[in-house]
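Have a look at the structure below, then the notes.
The analysis underlying the following values was restricted to heavy atoms, covering all of them including side chains, and did not include hydrogens, waters or symmetry mates.
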Amino acid sequence: MINIIIDGKKVQVEEKTSIIEAANGIGIDIPNFCYDKELTSFGGCRICVVEVEGARNLMAACSTEVTEGMIIQTESKKVIETRKNLLDLILSNHPQDCLTCSKVGECKLQEYCIRYGIKESSFIGEKKNHQIDDLNPVMERDQNKCILCGKCVRVCKEVQVTGTIEFTGRGFNSKVTTAFDDSIDYKNCRMCGQCISVCPTGALVNKQLKNVRPWEVTKVRTTCPFCGTGCNFDLNIKGGKVVGVTPTDNAPVNESAMCVKGRYHIDIMNSPDRLTKPLIKKDGTFIESSWDEALSLIVRKINDIREKHGADALAGLSSARCVNEDNYVFQKVMRVAMGTNNVDHCARTCHAPTVAGLATTLGDGAMTNSIGEVVDNEVLFIIGCNATEAHPIIGNKMKQAARKGSKLIVVDPRRTELAEMATLYLPLQSGTDAALVNGMINIIVNEGWHDDEYIKTRCEGFENMWDTVKGYTPDVVERITGIPKGDLYEAARLYTGTKKAGIFYTLGITEHTTGTANVMNLANLAMVTGHLGIENAGINPLRGQNNVQGSCDMGALPNNFPGYKDVSDLKNLEFFEKAWGAKLRSEKGLRIPEMIDGASDGTLKFMYVMGEDPVLTDPDANHIKAALKKLDFLVVQDIFLSEIATYADVILPATCYGEKDGTFTNTERRVQRVRKAVNPPGRARLDWEILCDIANRLGHDINYSSAEDIFNEIRRTIPSYAGITYERLDEGGIQWPCPTVEHPGTKFLHKGKFSRGLGLMLPVEYEPPAELVCEEYPTLLATGRMLYHYCITTRHLETLMKIRPHELAEINPIDAEKLGVKEEEFIRVTSRRGSILTRVTITERVKPGMMFMTFHYKESPVNELTNSAFDPVTKTPEYKITAVKIEKLDDKEEVIV
């Protein structure tokens with residue numbers, strides 16, 4: 001610790017603390033333009049100068065570290081005069097439009113001019129005359145108001161690691177701009193808006209907040225409703241309406257960073273497409289109804305179907321978009337009031353292999369480490385994971401790690417942004433992940449790079465696993481994967497070269513017919529090398545949707561009660577019967593594909609779908625549609641008229657995350673608060689209230705007074721949530737397991753021993769994909785997410801739609817030339833199951849003979865093409881490999897844009 005004096009106050013601070021940080025710590029505000037606690041020091045604006053006893057010149061507080069005995073004056077006469085002169089100079093060529101400037105009330109230049117009494121400049125300076133850049137839909141850039149503090153440049157480079165903007169020119173002609181001085185749009189920028197957050201003047205403005213003054217808004221801190229990262233931010237409320245989003249202080253996951261969806265998604269609450277009244281289909285047309293009429297009809301149908309066909313003719317889909325409290329009540333109502341375990345949700349289509357594979361091998365089906373550890377991992381083994389688009393803030397941290405010197409091993413058939421930064425990029429043949437991992441383990445063991453002591457003391461099954469893996473020699477693996485054996489050796493060497501090596505994967509591993517086996521094999525790799533149960537290592541599945549981890553935790557699964565308690569275990573059955581005061585079933589329920597098959601063959605009569613849309617998100621969509629038409633009755637509870645809602649008999653208007661209280665659980669097991677900011681539109685109701693109303697009409701007393709009331713029951717039934725309370729969550733998120741209210745939460749899992757005791761190694765053989773390319777279907781189609789949209793929800797959001805209004809299927813330039821197709825022209829894509837139209841973008845991100853599409857666009861519904869072959873353990877579909885043929889459109893073929 002260092003002893004210093006600031007403005008007469010004695011202070012003790014840590015070594016390497018800057019003067020400005022030391023002053024902030026005791027409530028002294030030193031003016032600053034270029035300083036930000038999350039960025040490197042710049043020392044360019046000089047407004048933060050202070051007087052240090054014994055120093056010849058004034059010193060920049062942001063870039064000067066304290067030393068023992070330092071005596072500092074932050075507002076001496078000399079300091080004040082210097083700041084006044086600086087402000088005078090800045091004003092000399094700054095626009096004087098404070099009355100109409102969008103940043104009024106938040107502009108630091110305005111604040112400091114008021115503070116030091118600078119009303120106008122004493123200099124006659126030349127004025128800048130830059131054209132305002134407002135061509136993109138989300139931000140306005142006025143370089144005439146730029147004071148060259150450089151914060152936007154540094155945040156883009158250091159936090160987003162994108163480098164869209166940089167200083168150009170010298171002297172008066174200096175400015176911050178893009179390459180070639182182009183306007184900002186999605187082709188040269190990630191549109192995250194982080195530069196807006198740090199800009200101290202009106203040079204960069206969020207268009208959604210352009211005409212909103214800071215004193216007009218109240219702010220409600222909440223958790224993002226999109227990917228599984230779990231960012232916190234503030235909803236800005238004016239006149240009972242959400243008008244924008246701004247960063248919140250000290251967010252545990254994202255700090256102040258946000259992605260394009262998090263910052264500009266407010267149309268989700270304000271969209272004219274929102275459902276506002278219950279609808280009943282009569283003679284093929286939806287008619288507005290009362291809540292009583294709609295719920296009475298639903299209950300009547302449930303009772304009628306249950307009486308004629310039994311409770312297992314009923315099924316429900318819960319939602320990874322809804323809060324934990326909604327999901328808990330949904331599965332409880334299905335089990336208690338409807339009498340069936342036929343309950344599932346979208347984890348089935350993405351990370352069910354994670355739950356099954358890691359629970360079997362390690363004992364917990366969850367990310368073993370924390371997002372904050374990523375930056376300090378010395379090696380990141382990233383396989384089947386496009387984090388910069390699917391989990392942008394985690395992707396940023398991976399890029400930050402690379403920038404600091406960490407080694408990235410990126411395994412992906414498609415050349416992603418992370419592949420461009422990789423120390424080693426392995427573009428394997430699609431679906432050969434098991435062979436590649438086996439090959440790495442083979443090399444590691446044969447070279448003696450494995451952790452023999454760890455294997456002996458903490459694991460079982462090594463010999464059984466090795467009997468299989470020893471056959472995967474580098475030569476064999478090279479033939480299967482297409483990866484040169486030299487690169488395979490390098491991957492093994494890098495991964496074993498440090499204990500701080502983490503595995504990160506997403507749907508490129510799980511969405512295969514071998515998804516569960518792939519996950520188990522990654523666990524083998526981590527255990528063989530001892531990369532589990534420690535900080536900055538582990539095996540880390542990045543969960544796709546905002547609450548897919550929480551939905552699984554809550555028991556929205558056909559085989560598990562809340563807390564992953566097997567429904568067929570009599571002890572678990574007895575526990576929940578006592579907790580819920582009801583007779584429960586011990587038979588495992590139907591998974592989503594089995595529900596669809598049941599609807600198709602007539603054994604399933606009724607489905608209740610809350611916040612899911614399998615018509616667009618599940619494979620072989622034409623089969624899904626045909627099955628839904630055969631149901632006797634379909635209820636859809638949602639915030640928009642989704643594609644599945646068009647098949648419904650009753651549609652119930654629900655509330656979005658900004659209109660309710662509750663919790664989300666993110667990919668790192670962090671439980672965080674969701675807070676109501678505004679009232680729902682029309683007669684829309686809370687999801688859990690609707691469900692309780694139905695249960696009570698069915699004769700079961702399921703009632704709660706609030707979301708917190710539900711959460712307290714969750715704590716009583718899920719041991720890993722027992723120590724988490726709303727009061728504690730108000731202070732920040734807590735990672736489960738958290739068994740008591742004194743427990744701080746668990747940063748990383750399996751310290752000392754695995755949840756199951758010994759880690760289990762299991763042999764995994766390479767199996768080829770279910771569908772291979774052939775002469776008739778010669779192109780391999782892979783699917784995934786993009787940065788600018790989230791599933792299908794954002795298609796209702798005008799702002800994000802302006803950024804990316806349509807699908808752009810990626811094809812290689814060689815294939816484009818063969819087809820005679822140019823950028824953004826239309827093609828027809830056909831598989832064995834369907835045929836769709838889409839625009840293309842021509843890129844070398846995909847190999848010749850490969851194409852990539854997202855599932856965000858109903859106009860180009862890619863899941864009409866995808867294969868419904870499933871992982872046998874979890875019934876997760878093989879989205880990542882579909883054989884298709886591509887055709888250029890005939891000039892006469894009609895295209896509906």
Spatial distance of atom OG1 (T229) from atom CD1 (I394) [nearest 0.5 Å]: 3.5 Å

Flag, side chain of S551 to backbone of S319, donor-acceptor distance under 3.5 Å: yes

Test item: D815 side-chain N/O and G849 main-chain N/O as donor-acceptor pair under 3.5 Å: yes

No-hydrogen, no-angle side-chain donor-acceptor test under 3.5 Å, E878 and T513: yes

Modelled atom types, side-chain donor and acceptor of T416 and N386, under 3.5 Å: no

Donor-acceptor contact present, side-chain N546 to main-chain G228, <3.5 Å: no

Donor-acceptor pair between D475 and T473 side chains, under 3.5 angstrom: no

Stepwise side-chain hydrogen bond (donor to acceptor under 3.5 Å, both in side chains) check, E765 with Y472: CA-CA 9 Å; E765 290 279 11; Y472 286 82; 2.6 Å; yes

Derivation of the side-chain hydrogen bond (donor to acceptor under 3.5 Å, both in side chains) call for T514 and Y766: CA-CA 8 Å; T514 55; Y766 162 69; over 6 Å; no

Considering all heavy atoms, the nearest V343-M595 contact: N-CE, 3.9 Å

Residues R190, E417; criterion salt bridge (charged side-chain N to carboxylate O under 4.0 Å, His left out); working and verdict: CA-CA 12 Å; R190 292 173 64 82; E417 183 180 1; 3.0 Å; yes

Exam field: side chain D632 to backbone F606, donor-acceptor pair closer than 3.5 Å: no

Minimum heavy-atom distance between C552 and V355, given as atom pair plus value: SG-CG2, 4.2 Å

Donor-acceptor pair between D553 and Y564 side chains, under 3.5 angstrom: yes

Short side-chain to backbone donor-acceptor contact, K875 and P872, under 3.5 Å: no

S318 and N327: side chain donor to acceptor below 3.5 Å: yes

Lys NZ or Arg CZ of R414 over F852 ring: under 6.0 Å, within 45°: yes

N/O donor-acceptor pair under 3.5 Å between R833 side chain and L865 backbone: yes

Parallel, tilted or perpendicular: rings of Y495 and F381 (30°, 60°): tilted

Criterion ring pair (Phe, Tyr, Trp, His ring centres under 6.0 Å) on H265 and F226, from CA distance to verdict: CA-CA 10 Å; H265 73 277; F226 296 122; 5.2 Å; yes

Greater than 12 external heavy atoms within 6.0 Å of E420's CD: yes

Under 3.5 Å side-chain donor-acceptor pair for D597 and S600: no

Stepwise salt bridge (charged side-chain N to carboxylate O under 4.0 Å, His left out) test for E825 and K822: CA-CA 6 Å; E825 287 188 343; K822 297 179 181 178; 5.6 Å; no

Polar contact flag, side-chain donor to acceptor under 3.5 angstrom, Y790-Q545: yes

Exam field: side chain K880 to backbone T783, donor-acceptor pair closer than 3.5 Å: yes

Intermediate values then yes/no, salt bridge (charged side-chain N to carboxylate O under 4.0 Å, His left out), E864 and K625: CA-CA 10 Å; E864 291 188 8; K625 295 175 190 176; 2.8 Å; yes

Ion pair check, E612 and R348, cut-off under 4.0 Å: no

Worked check of salt bridge (charged side-chain N to carboxylate O under 4.0 Å, His left out) between E389 and R785: CA-CA 7 Å; E389 297 210 53; R785 289 186 168 93; over 6 Å; no

Qualifying residue, where the test is side chain to side chain donor-acceptor pair (under 3.5 Å) with N521 and the options are D433, N438, T361: N438

Under 3.5 Å donor-acceptor, H351 side chain and P541 backbone: no

Distance-minimising heavy-atom pair for K485 and P474: CB-CB, 3.7 Å

Check: V846 main-chain N/O paired with N812 side-chain donor or acceptor under 3.5 Å: yes

Any side-chain donor near an acceptor of the partner, T830 and S835, under 3.5 Å: yes

Aromatic ring pairing Y788/Y186, orientation class (parallel under 30°, perpendicular over 60°, tilted between): perpendicular

Donor + acceptor pair across side chains of T841, E823 (<3.5 Å): yes

E807 versus S860, side-chain donor and acceptor atoms under 3.5 Å: no

Test item: H806 side-chain N/O and R839 main-chain N/O as donor-acceptor pair under 3.5 Å: no

Whether over 12 other heavy atoms sit under 6.0 Å from E798 CD: no

